[in-house]
Amino acid sequence: MDIKEQLEQIKNNAMEMLKNNEDLESIRVKFLGKKGELTAVLRSMGQVSPEDRPLVGKHVNEVREAIEQAIESKKASFMEKAMQVKLMAETIDVTEPGKKPEMGHRHPISQTEEMLVDIFVGMGFSVVEGPEIEYDYYNFEALNLPKNHPARDTQDTFYITDNILLRSQTSPVQVRTMENTKPPIRIISPGRVYRADPADATHSPIFHQMEGLVVDKGITMGDLKGVLELFAKKVFGENTKIRFRPHHFPFTEPSAEVDVSCWECGGKGCRVCKGEGWVEILGAGMVHPFVLKNCGIDPDVYSGFAFGMGIERIALSRFGIDDLRLFYENDERFLKQF
Ligand code: DAH
């Protein structure tokens with residue numbers, strides 16, 4: 001085989017191998033490397049006659065270039081292919097519908113609190129908050145419940161020290177407000193309260209109340225009744241009536257428990273009102289002169305009324321629920337219904 005045929009064969013072999021082999025580097029070494037086939041041909045140039053050498057040299061270079069080019073173009077097509085595969089794998093379908101984040105909503109207790117606040121703000125009350133960790137003085141003493149007063153028993157709470165406790169009612173906010181506000185005063189105060197009661201269908205060691213307080217010259221029980229009547233109609237419906245029953249709270253005189261006509265039966269008597277036709281919803285009364293005086297307000301000049309209601313109790317009636325504990329379990333199946 002003359003040298004020309006040899007070169008053609010090397011070229012054809014290289015092209016053939018490139019077709020079916022992906023190891024480009026070993027192909028390059030095999031043909032173009034220091035010990036490669038083409039280099040071997042160059043080494044044998046000694047046997048070529050001097051006049052033929054330039055021609056053969058040119059031919060060798062052509063074959064080298066052809067093989068180099070073929071390797072380069074094969075390499076480029078590999079890279080192109082790899083890029084395609086990568087792009088396919090990373091494709092984002094921008095038309096795919098997004099995942100909808102699940103939106104929560106206000107807890108039924110918060111909803112009820114908001115509704116109550118709205119009603120009283122609509123009547124000109126402003127909202128005041130007080131601390132949940134409270135002094136004995138504000139929770140009891142200033143409200144005419146001295147140490148050892150038997151009425152403290154019904155409001156047994158959690159003590160941090162002898163004089164610091166978790167408030168058992170929102171009534172201490174009355175005292176704090178009157179201490180640093182000159183009448184006229186017209187406030188409500190919603191918030192969390194605590195009692196050392198074991199949890200059952202109608203009791204919870206943590207629950208919510210809303211307090212109301214109005215102090216001005218010439219405030220009477222008629223004003224209290226008017227405000228509560230409007231409130232009851234807004235919450236329980238236009239035909240709702242209210243009824244005051246005499247009661248005792250140490251911080252009001254006179255005091256009353258306030259019932260609304262049953263929203264379920266309208267007063268005829270049913271399961272909801274236990275046949276009574278009325279349902280008790282809050283406590284109220286005229287602020288006791290002792291409490292006014294304690295807070296630096298002259299009871300001979302000013303008078304006031306106050307009321308306090310359990311927000312859970314209103315929520316239970318509003319949503320027709322019969323177990324308080326459901327509010328605190330945070331079971332989504334329950335909460336999603338409201
Ligand atoms: N603080 C009372 C309680 O927790 C409720 C109450 C009754 C509040 C009469 C008042 C009121 O402001 O005048 O049982």
Side-chain angles (χ1 to χ4, degrees), residues 113 116 120 125 127-132 134-146 149-158 165-179 181 185-197 202-216 219-228 231-232 242-260 279-292 294-295 297 299 302-314 324:
E113 181 180 311
L116 296 175
F120 285 99
F125 286 71
V127 180
V128 175
E129 289 192 340
E132 289 172 26
E134 188 53 285
Y135 290 107
D136 181 283
Y137 175 77
Y138 287 106
N139 194 74
F140 291 129
E141 202 105 10
L143 289 164
N144 207 13
L145 276 141
H149 191 292
R152 282 193 180 205
D153 287 354
T154 59
Q155 299 206 7
D156 192 18
T157 182
F158 304 96
L165 45 77
L166 298 183
R167 66 178 181 186
S168 62
Q169 47 186 349
T170 43
S171 304
V173 185
Q174 289 186 30
V175 180
R176 287 180 172 274
T177 305
M178 285 190 279
E179 271 185 351
T181 319
I185 295 170
R186 207 156 31 178
I187 59 121
I188 49 167
S189 185
R192 210 175 283 155
V193 299
Y194 302 82
R195 291 200 191 166
D197 290 333
T202 54
H203 294 86
S204 162
I206 304 177
F207 60 106
H208 301 76
Q209 284 189 338
M210 194 178 78
E211 196 77 9
L213 172 71
V214 171
V215 182
D216 202 352
I219 297 292
T220 69
M221 244 178 149
D223 298 309
L224 171 61
K225 203 165 178 208
V227 164
L228 291 182
F231 147 78
I242 59 169
R243 159 176 105 168
F244 280 44
R245 273 181 296 105
H247 195 73
H248 170 260
F249 296 106
F251 37 89
T252 43
E253 180 58 35
S255 303
E257 277 191 325
V258 180
D259 302 338
V260 296
V279 182
E280 186 217 316
I281 50 158
L282 55 86
M286 300 305 290
V287 182
H288 198 293
F290 171 88
V291 176
L292 290 174
N294 254 344
C295 303
I297 293 176
Y302 292 102
S303 57
F305 66 75
F307 57 87
M309 64 184 83
I311 295 179
E312 275 79 355
R313 183 176 289 198
I314 308 248
L324 198 63

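As the structure lists them, so they are numbered: ligands from 1, and atoms in each ligand from 1. Numbering starts at 1 and runs along the sequence shown.
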Can Phe307 and Phe120 be said to form a ring pair (Phe, Tyr, Trp, His ring centres under 6.0 Å), step by step?
CA-CA 12 Å; Phe307 57 87; Phe120 285 99; 5.2 Å; yes

For His247, does its backbone N or O pair with a side-chain atom of Glu257 as donor and acceptor, under 3.5 Å?
no

Identified side chain to side chain contact (heavy atoms under 4.5 Å, CB included) counterpart of Ile242 within the set Asp259, Ile281, Leu228, Leu282
Leu228

If you round to the nearest 0.5 Å, how far is CG of Asn139 from OG1 of Thr157?
7.0 Å

How long is the straight-line distance from CD1 of Ile219 back to OH of Tyr302, given to the nearest 0.5 Å?
11.0 Å

Test side chain to side chain contact (heavy atoms under 4.5 Å, CB included) on Val173 and Arg167; report intermediate values, then the result.
CA-CA 10 Å; Val173 185; Arg167 66 178 181 186; 3.7 Å; yes

List below, pair by pair, the N or O atoms of ligand 1 and of the protein that are less than 3.5 Å apart, including the distance to 0.1 Å; reply 'none' if no pair qualifies.
| residue | atom | partner | partner atom | Å |
| --- | --- | --- | --- | --- |
| ligand 1 | 1 (N) | Gln169 | OE1 | 2.6 |
| ligand 1 | 1 (N) | Ser171 | OG | 3.0 |
| ligand 1 | 4 (O) | Arg195 | NH2 | 2.9 |
| ligand 1 | 4 (O) | Gln209 | NE2 | 2.9 |
| ligand 1 | 12 (O) | Gln174 | NE2 | 2.9 |
| ligand 1 | 12 (O) | Glu211 | OE2 | 2.5 |
| ligand 1 | 12 (O) | Phe307 | N | 3.4 |
| ligand 1 | 12 (O) | Phe307 | O | 3.3 |
| ligand 1 | 13 (O) | Ala306 | O | 3.1 |

